[in-house]
Amino acid sequence: MFHSKIAGVGHYVPEMVVTNEELTKHMETSDAWIQERTGIKERRFFKEGVDTVSGMAANAAKIALQRAGLEARDIDMIVFATLSPDYSFPGSGVLLQRILDLPGIPALDIRQQCAGFIYALSVADQFIKSGTYKTILVVGSEIQSNIMELSNRGRNMSVIFGDGAGAVLLQQTTEHNKGILSTHIHADGTFAEELMLEHPGSKRKERFNKEMAEKGELLPVMNGQLVFKHAVQRFPEVIKEALDANSLNTSDIDLLIPHQANLRIAEYIQKSLKLRDDQVFNNIQKYGNTTAASIPLALSEAFEEGRIKEGDLVCMAAFGSGFVWGSALVRW
Ligand code: UT7
C-alpha cells in the first residue's frame, strides 16, 4: 500500500510590506477596524517585474526541494493551485514546469480558490496512492493585490487579501501510519456568486470594457457576512469528518492549520472544537488572506518555527469561493 508523505515544505512572500496604516492613505478605513474584524496587521504586495505567480511558486518549491533533500529532476508531476494565474491561459503549472526545467512531466492547474491547496493535495495524493507517481510538487501561489482596488468601493476586500506562495513535496512511502491519512473535499455551487470575480469571463460578448471598469464591475465581490456564516459551519464539519474517518478526536490534533481567511473565523473554529492555543497556527496577522497559498505558507512557517515534530498529527482545512471546502489529515 502506497501513501504520500510530506517530504519538504517551503514558502516565499514578496518583499513589500503594506501595513493597515498605509491602506488608510487610500480609503476610509483604520488599523483598529481591520484588526478587530480580521486580525490582519499587514500583508505583502508583489513588485511588478520581480514577482510572478509562477516565479513565487518556484522560489517556494526550491526551498521545499532543499528541505526534502531532493532535486527538481526528482519531481514527477506539478499540481498548481491559484485563482490568479500569470496568464488567462495556459495555466501557471506549465510556467513553473518551465522555470524548473522539467519538460514532459504533467502540470495541472487547480481553480478552487481558498480550498485550492486542499484540492491540489487531494489530487496529488490519489496519483501517489495509485502508484502512478512517486514525487509530486504541490503549490499554492497568488498575486491578488492587483485584482483589488485600494479605494472606498474596494475596501471590504482590499484590506483582507495579500500575495504569497507556498509549496509542498509529496513523496510515496510504504511506512504505516505516516503521511496523508485522508483528504475530504466538497463543493456547493449554489453560492457561486456570493464571492466571485465575474469579469473578464466568457459569458458576455465583450469580456471587459472601459464602462465596466468605471462602474467597478471588474472588481471581485463578496457577501462577507454570508461567507463568514458558512465558513464557521463548514470548517468544524470538515475537520470532524477527517477525524471521524480516522477514528481520531480533536484532542489528538497536534496542530490545526486553518486556511487564513480571517483570524475571527480561526478563533471561532478553535472555540467550537475546544482546541488549545498551542493546537492552532495562524499567521494571517502578517500576510492577510493569501487564498490558495495560505495553508502551505502557514505550514512552512509552522515547520520553521519548530511547531511540527515527527509523528505529529497535523490537520489542514479550508473554505472559500465556490463555495468549496475540504480538509487533510497528516501524520508528520
Ligand atoms: O477566504 C475565504 C473567503 N473570505 C472570507 O472568509 C471572509 C468572510 N467574511 C469576513 O471576514 C467579514 O465579513 C469581513 C471582514 C469581510 C467584513 O466584516 P463584517 O463584520 O462582516 O463587516 P460588514 O461587511 O458587515 O461591514 C460593517 C461595516 C459596513 O458599514 P455600515 O454599513 O455598518 O455603515 C461597511 O461598509 O464596515 C464597513 N466596512 C469597512 N469599514 C472600514 C467595510 N469594509 C471596511 C473597511 N474599513 N475596510
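Scope of the values below: all heavy atoms of this structure, side chains included, with no hydrogens, waters or symmetry mates. Order of listing sets the numbers, starting from 1, for every ligand and every atom in it.
Applying the salt bridge (Lys or Arg N to Asp or Glu O under 4.0 Å) test to E198 and every residue at least two apart in sequence or in another chain returns K203.
Closest of all the heavy-atom pairs between S30 and T24 is CA-CG2, 3.8 Å.
Shown are R44, Q260, E42; of these, the side-chain contact (heavy atoms from CB on, under 4.5 Å) with Y287 is made only by R44.
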Under a 3.5 Å threshold, I'd like every N/O contact between ligand 1 and protein atoms, with atom names and distance.
unit_1	atom_1	unit_2	atom_2	d
ligand 1	1 (O)	H259	NE2	2.9
ligand 1	1 (O)	N289	ND2	2.7
ligand 1	9 (N)	G224	O	3.0
ligand 1	11 (O)	N262	ND2	2.6
ligand 1	13 (O)	G224	O	3.2
ligand 1	20 (O)	R37	NH1	2.8
ligand 1	22 (O)	R37	NH1	3.3
ligand 1	25 (O)	Q225	NE2	2.6
ligand 1	36 (O)	R155	NH2	3.1
ligand 1	37 (O)	W33	NE1	3.4
ligand 1	41 (N)	W33	NE1	3.4
ligand 1	47 (N)	T29	OG1	2.6
ligand 1	48 (N)	T29	OG1	3.3
ligand 1	48 (N)	R155	O	3.2

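For the pair L170/I6, a side-chain contact is recorded, criterion being any heavy-atom separation below 4.5 Å from C-beta on. Within the 4.5 Å cutoff, the side chain of I75 has heavy atoms near those of the L169 side chain.
Without hydrogens or angle criteria, T38 side chain to Q35 main chain gives no donor-acceptor distance under 3.5 Å.
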